[in-house]
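Quick notes on the structure that follows.
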Amino acid sequence: MTDASTPLIVGGSAPADARPDADLLEGLNGPQREAVTYRGQALLIVAGAGSGKTSVLTRRIASLLRTREAYPSQILAITFTNKAAGEMRERVHSLIGQRADGMWISTFHSACVRILRREAQQFGFTKAFTIYDSGDSRALIKRLVKEHEGDAFGLTPAGTQSRISKLKNELADAESYARSANMSDPAERVFVEIFGSYQRELQRANAFDFDDLIAQTVYLFRAFPQVADVYRKRFRHILVDEYQDTNHAQYALIHELTRPPGSDAEPMSAGGGMMIFDAEPEAESGASLTVVGDSDQSIYAFRGADIRNISEFERDYPGAKVVLLEQNYRSTQNILSAANAVISNNFDRKDKKLWTDVGAGDPIIGFTGYSQHDEAQFVADEIESLHRKGVDYSQMAVFYRTNSQSRALEEIFIRSAVPYKIMGGTKFYERAEIKDALAYLVAVANPADSMALRRILNRPRRGIGDVTETAIARYAAEHDITFRDALANSAQLGVGPKLQKAIDQLDAVLSEATAVMLPASGELAPSTSVTEGLTLLLNKSGYFDALRASKDPQDEARLENLDELVAVTREFARNNPEGTIIDFLTEVTLVADADDLDDASGSVSLMTLHTAKGLEYDAVFLTGVEEDLLPHRISANEPGGPQEERRLFYVGITRARKRLHVSLAMTRAQFGEVTVAMPSRFLQEIPADLIDWRQSPGDVNGRGGMQSRALNARGRRPGQTGGGNRYGDDLVPLPKRAPADPSKFPNRIPAKVRDNGDMELAAGDRIRHDDFGEGRVDAITGEGAKRVAHVRFDTVGAKKLLVKIAPISKL
DNA sequence: CATGTACGACTTTTT
DNA sequence: GTCGTACATG
């Protein structure tokens, strides 16, 4: 399978003795060099964390262009996030300049949208289709579950949504699923019905959900080989990053794209999945495929990622070349040793050891707080300390397992004046008022989308409720017109004159905005049309007025958010002079707001471990390293769950360049109740001599108590890193306790949690507390591990104590 | 049809 | 502590 351009690579026809891409190889190690220069049909780059894979990938692309083996338009590079795509584009651009234009560097989803917009009319959609995010699709599924009375069969909207999503990721549809399902189970039948109607509703609304973007593109390629061939001929070099996190649909998409053009036109080979390299002699060969991944960083199995895509790559693409990148250029040896030790607890993985030559570096810092606020205060103090030593805020990050953990950190950071920024989390575009405004835009851009229309029907309040909505829907169904068109016939809906007027007014506003944003005669709408249309919609619909008239103080913030959205449209117009309303909507649906506007701003980044993948920071704080949180409780029952959690922990560790902190809290308020937390099993997997516990779980148990660092820590000085005694020199000396044997508690954690267990306590009892002295129990509330004693202490007043772990004794 | 109150369920991670 | 739903009332 000799590539026509191979001679260039070995130097044969390159000008003189210098390779045209020689400068691109500077500073690369052997395997990296090979990953850049290898030419062939299929290449797998197994890239450990921090092994310079982004650099390799960008140089590979640059090399292909520089040697003129490929035009920019022949390159398709897939990344995991839009942010990564932007960075890659920038880096390629800085390597080779203008010639980077014309490449497709994007996420799977963005690439598929681009294809679908062009080809939608081939299979019953228009190019104005809308994209349903998970919130939109949940709303639709919720309605359908209700209509089909799915709750009677134990079907919840959330459960139904995730099952449908999983099936779509497997390229199944309602029909094919029904064939394999146990249809004598009524719950299954209802599920299949809901799945089917969901898909019909999407089609009717001229809409795709996130999963459809991939799955329907695959369907398109399979159903219309001549369409697929267009893209097969175009993309000669396909590169996929984070390949370990691809799901089956994405895998199939890549397979479709790398087949030789014209291959399914042959009747004999049509439908044969295994004939990827079975090109006719005269036929053009399939695109060359480069995938990069690390199975140790696979953390998206929950959304269908299939690790086999990478582990069986060599089987899927016979003759594939495999390059291993194991040298790490990011972290110190201590951090890598911890990472290696942790990940080696996962069985059935190929052994792979990261190494570096930069030296051991600082030890990992451990801290155990009494509460999550206490833990957060440690993080804040430590950040301030590092900042004083010259570490920029933007070079520090705090990770956590679940989004809800960000709240406690936020509270303390505000109080401690630590500048921070939360990546992801509750998103701007998920706010109700923003979704409303976008629904107005969708109602204009895609009149078939009745979901959007239903959403804005009564926003602001127009007196249009369920009854009227149903009347409109029925009228539309009876006359076989769209929901949107039904609005124009308000007189025939059988509703009162007041409602008629309200409907007429909404209809008029939408029509007026349509004229602005989608001029009829095919003339191009000016780039300002989105801004203009949006302000028109919000003003004339009465949305702005309703918010301004409101007494709810939150509505002021909503107005500000909407102003922000208008500003976003202006920005969009500036960046996309040709951009239409449809482009705008695509962008806001697919681009997470965590993607833009980052670092430079000089603040600490807070994010989930999932979001952290692919990023790196000088100092990293891994918080909430507790059982039931990391690993998360829910993962325990899922096949492969605990191992995936371990990989998540591994990903977190390997983000750190110089300083890693792991922290946990002994108690955590969740859901209003305080619960006792146990140190994570993963902590024990880190060799004890790598962690310098400022305050180990053992310390906390020994001293016990509800004393909160968050409340009294301001006067404290965070100790200097590395030096000093093992337990940190800023802590109150442990009273009375024999100096603990250092080998005893670091990492020997769960066994030593203080446990008063079944201590009998009742109102009226007198107790002694290690820190608070004597007091009298007023009441006992809660049960089991969450039993709380309300105690009035003689000297410090009333306190609430968790009976199970408080350092108390009965008198 | 809109508003207010009470109750319950729930929180894993994301394009 | 938060969200959304169910019900009762105006």
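Computation of the quantities below employed the complete heavy-atom set of this structure, encompassing side-chain atoms and omitting hydrogens, waters and symmetry-equivalent molecules. Remember, predicted model here, so these are calculated numbers, not experimental data. Below, chain A is the first sequence line, B the second, and so on; all start at residue 1.
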* **DNA chain B: 5'-proximal contact among A:Asn458 and A:Arg303 (nearest heavy atom)** =>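 Its nearest nucleotide being more 5', the pick is A:Asn458.
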When we call it a touch if two heavy atoms are under 4.0 Å apart, what does [X] touch: a base, just sugar-phosphate, or nothing?
| X | value |
| --- | --- |
| A:Arg633 | nothing |
| A:Asp211 | nothing |
| A:Lys142 | sugar-phosphate |
| A:Thr468 | sugar-phosphate |

Measure CD/A:Glu430 against P/C:dG4 and give the value in whole Å, please.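 Answer to the nearest Å: 12 Å.
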Next on the checklist: Name the residue from A:Asp211, A:Asp173, A:Asp212 that meets the side-chain hydrogen bond (donor to acceptor under 3.5 Å, both in side chains) definition with A:Lys168.
Outcome noted: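 Among the candidates, only A:Asp212 passes.
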Selected nucleotide, minimal atom distance to [X] side chain, candidates [options]:
| X | options | answer |
| --- | --- | --- |
| A:Arg407 | B:dT15, B:dT12, C:dT2 | C:dT2 |
| A:Ser134 | B:dT15, B:dT13, B:dT11 | B:dT15 |
| A:Arg461 | B:dC1, B:dT11, B:dA2 | B:dA2 |

Between the side chains of [Y] and [X], is the shortest nitrogen-to-carboxylate-oxygen separation below 4.0 Å, so that they form an ion pair?
| X | Y | result |
| --- | --- | --- |
| A:Asp241 | A:Lys53 | yes |
| A:Glu375 | A:Arg668 | yes |
| A:Lys501 | A:Asp504 | no |

Q) Below 4.0 angstrom from OP1 or OP2 of B:dT15, is there any side-chain N or O of A:Asn169? A)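 Checking B:dT15 against A:Asn169, no side-chain N or O comes under 4.0 Å of OP1 or OP2.
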Legend entry - Presence of A:Thr611 side-chain N/O under 4.0 Å of B:dT13 phosphate oxygens OP1/OP2: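 False: A:Thr611 side-chain N/O out of range (4.0 Å or more) of B:dT13 OP1/OP2.
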Subject >> Polar pair under 3.5 Å, donor/acceptor by atom type, side chain A:His632, base B:dT12 >> reply: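 Absent.
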Gap in Å between the two C1' atoms, one belonging to B:dT13 and one to C:dG4, rounded =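 After rounding to an integer number of Å, I get 23 Å for this pair.
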Query raised in the report: Hey, is A:Tyr300 stacking on B:dT14? Ring centres under 5.5 Å, planes under 30°.
Result: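 No, A:Tyr300 does not stack on the base of B:dT14, since the centre distance and plane angle fail the 5.5 Å and 30° test.
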